[in-house]
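See structure below.
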Amino acid sequence: MKPIVSRRAFLAGLGASGALLPLLPSEQAHGQAAAVPKRLLVVSWSNGYVMDAWRPKGNESAFTLGDILSPFEKLKSKLTVIDGLGQRVHYEANAGALGWGKEQWFGGHDANPGVLTGVPCAAYRDNYETSGGDSIDQYVATELAKTTNLPLRSVVVGPWSSGGYGGTISYKGSSTGITPESDPFNLFKTMFAGRALPMGQFDKGRAARKSVIDYLGGNLTNFSSRMGTEDKAKIESHLAAVREIERQLESNVTLTCKAPTLPDAFDTKNNVANYPKALKVFGDLLVAGFRCDLTRVASLVLSDVGGDDLVFSWLGDEFTGSGDEYPLRQYHDITHNQDRSAEHKRRKIRVEQWFFEQVAYIAEQLEATPEGTGTMLDNTLIVVTNTMGSNHDSKIQPFTLIGNLGGYFKTGRSLKYPVTGGLGTAHNQLLVSIANAMGVNGAAFGAPKYAQELAGLKA
């Protein structure tokens, strides 16, 4: 026998959306969508910036982007530019006792293990650093894996990476680093070959909520046909609320999960002229990996510690030919000689601007993809940094954040933190903030001395 629900009990349940709440425990009465996935992408390269061309002009909220950040003009409201941080935990370590033959660690081309890790290195040695712990991307990925089962815990890529400590920013424990995948065709196979593409968690939740609303609406309509005029009016009012929830769910465009179309095979290892093409494919794959919920954490390293083989021929003839210090005018030569003349500095600025153009390409794809009540970029944090600040100096490490991780960070700002004795505020605090924003325990990351959030970031 079917259970009998009294008219009085049923109508009482309509009050304050009572009929909805037991069936949709994760929803609020106004139809707010459930939490969408949060994602983290860290991007870094070597050789620093011309810092004055990277720093915005103006104040915290009213600022003008310089030449290097100009590719983000359209996404300026989604930026947080952070100046004045440094790899303090490494400079304060007793590097001499850990194998460094000098009085103090100086970063520079040896700074890769300091970019994203929050503890001193296990060993400081020229051209062979050993990290002392996880980088922030690997820490977040490991913590997320405790509660979320994804096909790929994290993705570590580098289109022109030599591998080893000199070509990565991702570290797991005490190691010389995770060698990035440098071939986009291999990454495609890892991500998509033989894999049934999943519907994103948001889409699954949306479909489930929609089916409940369809069921509930049908039952209310049938029940209404047996009620009197006053009772029908109450049910019609409640049905209107149900239809509003349905309308809001329909407005949340479903993410399209599909593998990107690859170009014809090309040499990704030996022909540097193909570097831009490879980087574009990597960008498409990272975005697809996020859309398909294959992974929620990725790192992208755009050069090894020196960039000695990177000749930017696609930027014009002035970026080719003989170098001032090296046989070729490659990235390392451009960096070492940026102060020789205005033309040398302009070339250096143009190279850094080009790198940011590639990051902007990824960010714009995320921004163009509706998700939840905003876009995928609103639920993602892209962290762009460098192994150095100005030429070979890691005491100041620049950070540019794009996105806010569901409103955790207040964006559209240019922030400046104190520098004392030439050394910036501990960048650990930013890494702790990133972990917390991703929903994992930031207080357990890195050196306890600096295991607190960076002040002034939160919305």
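Under the 3.5 Å distance criterion, the side-chain polar atoms of T385 are matched with a main-chain donor or acceptor of P398. With T425 contributing its side chain and P418 its backbone, the two residues share a donor-acceptor pair below 3.5 Å. Judged purely by atom type and a 3.5 angstrom limit, N379 uses its side chain to pair as donor or acceptor with the backbone of T375. Judged by distance alone, with hydrogens and angles left aside, the side-chain atoms of D137 form no donor-acceptor pair with the main-chain N or O of A298 at under 3.5 Å. No donor-acceptor distance shorter than 3.5 angstrom exists from the side chain of N274 to the backbone of K277, with no hydrogens or angles considered. Counting only distance, with no hydrogens or angles, the side chain of T148 and the backbone of A145 share no donor-acceptor pair below 3.5 Å. Not a single donor-acceptor pair under 3.5 Å links the side chain of T130 to the backbone N or O of A122. Although no hydrogens or angles enter the test, the distance criterion places a donor-acceptor pair under 3.5 Å between the side chain of N337 and the main chain of D333. Listed for the S174 side chain is a donor-acceptor partner under 3.5 Å among the backbone atoms of S131. Under a 3.5 Å cut-off, the side chain of T295 and the backbone N or O of G289 do not form any donor-acceptor pair.
Interatomic distance, Y139 OH to L40 CG, rounded to the nearest 0.5 Å: 13.0 Å. For the atom pair CZ of R88 and NZ of K395, the computed distance is 10.0 Å after rounding to the nearest 0.5 Å. The structure places CG of L150 at 10.0 Å from CZ of R153, a figure rounded to the nearest 0.5 Å. One distance of note links CG of N112 with OG of S135; it measures 11.0 Å at 0.5 Å rounding. Between the OH atom of Y331 and the CG atom of N47 there is a distance of 4.5 Å, given to the nearest 0.5 Å. Distance check: S414 OG to F63 CZ gives 6.0 Å after rounding to the nearest 0.5 Å.
A heavy-atom distance below 4.5 Å is found between the side chains of K78 and D378. In this structure, M388 and S394 have side chains that are in contact, with non-hydrogen atoms separated by less than 4.5 Å. Within the 4.5 Å cutoff, the side chain of I434 has heavy atoms near those of the L381 side chain. Side-chain contact between W354 and I349: absent, with no pair of heavy atoms (C-beta onward) separated by less than 4.5 Å. Inter-residue side-chain proximity for V281 and P263 is flagged as met; some heavy-atom pair is nearer than 4.5 Å. Side-chain atoms of I382 and L401, non-hydrogen and from C-beta on, never get closer than 4.5 Å to each other. You'll find the side chain of V359 stays beyond 4.5 Å of the side chain of F355, heavy atoms only. Using a 4.5 Å cut-off on side-chain heavy atoms (C-beta onward), E143 and M438 make no contact.
More than 12 heavy-atom neighbours from other residues, nucleotides or ligands sit within 6.0 angstrom of NZ on K57. The number of heavy-atom neighbours closer than 6.0 Å to CG of N59, taken from other residues, nucleotides and ligands shown, is above 12.
Applying side chain to side chain contact (heavy atoms under 4.5 Å, CB included) to L300 and the options L279, V42, I169 leaves one that passes, L279.
The pair K348-E343 does not meet the salt-bridge criterion, since no charged nitrogen lies less than 4.0 angstrom from a carboxylate oxygen. Between K449 and E92, at least one side-chain nitrogen of the basic residue sits less than 4.0 Å from a carboxylate oxygen of the acidic one, meeting the salt-bridge criterion. The pair K410-E60 does not meet the salt-bridge criterion, since no charged nitrogen lies less than 4.0 angstrom from a carboxylate oxygen. Checked for salt-bridge contact, E371 and R39 meet the test: a charged N lies under 4.0 Å from a carboxylate O.
Across all non-hydrogen atoms, the minimal contact from I396 to G422 is CD1-O, 4.1 Å. Scanning all heavy atoms of the two residues, the minimum distance from D264 to F185 falls at O-CZ, 3.8 Å. Listed here is the closest heavy atom pair of Q353 and S70: NE2-OG, 3.0 Å. Between F188 and L285, the closest heavy-atom pair is CD1-CD2, 3.7 Å. Annotation for Y91 and G107: closest pair OH-N, 3.9 Å, computed over non-hydrogen atoms. Here the shortest heavy-atom pairing between Q365 and D284 reads NE2-OD1, 3.1 Å.
Judged by distance alone, the side chains of N404 and T411 never bring a donor and an acceptor atom under 3.5 Å apart. With 3.5 Å as the limit, one finds a donor-acceptor pair spanning the side chains of R291 and T369. Between the side chains of H344 and D324, at least one donor N or O lies within less than 3.5 Å of an accepting N or O. In this model, a donor atom of one side chain and an acceptor atom of the other lie less than 3.5 Å apart for Y124 and H90. Looking at S170 and S299, their side chains do bring a donor and an acceptor atom within 3.5 Å of each other. For the residue pair Q330 / D309, no side-chain donor-acceptor distance below 3.5 Å is found, with atom types taken as modelled. A donor and an acceptor atom, one from each side chain of T142 and K172, are located under 3.5 Å apart.
T147 is linked by a side-chain hydrogen bond (donor to acceptor under 3.5 Å, both in side chains) to nothing, counting only residues two or more places apart in sequence or in another chain.
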- Under the side-chain contact (heavy atoms from CB on, under 4.5 Å) criterion, do I178 and Q138 qualify, and how do the steps go? CA-CA 10 Å; I178 299 172; Q138 293 307 305; 3.6 Å; yes
- Pair D83-L415, side-chain contact (heavy atoms from CB on, under 4.5 Å): steps then yes or no: CA-CA 6 Å; D83 189 13; L415 303 176; over 6 Å; no
- Task: Check the pair V155, V297 against side-chain contact (heavy atoms from CB on, under 4.5 Å), reporting the backbone distance first and the verdict last.
- Result: CA-CA 7 Å; V155 174; V297 179; over 6 Å; no
- Query: Run the salt bridge (Lys or Arg N to Asp or Glu O under 4.0 Å) check on E325 and R340 step by step: do they pass?
  - Reply: CA-CA 11 Å; E325 184 177 348; R340 279 179 178 256; over 6 Å; no
- I68 and F356: CA distance, side-chain angles, deciding distance, side-chain contact (heavy atoms from CB on, under 4.5 Å) verdict: CA-CA 7 Å; I68 289 177; F356 272 97; 3.5 Å; yes
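Note on ring orientation: taking the six-membered ring where Trp is involved, the planes of H332 and H336 are perpendicular (angle over 60°, cut-offs 30° and 60°). Between Y49 and W54, the angle of the ring planes lies from 30° to 60°, which puts this pair in the tilted group. Ring orientation note: the planes of W314 and F312 are nearly perpendicular, at an angle over 60° on the 30°/60° scale.
Judged by a 6.0 Å distance limit and a 45° cone about the ring axis, K458 is not positioned over the six-membered ring of F409.
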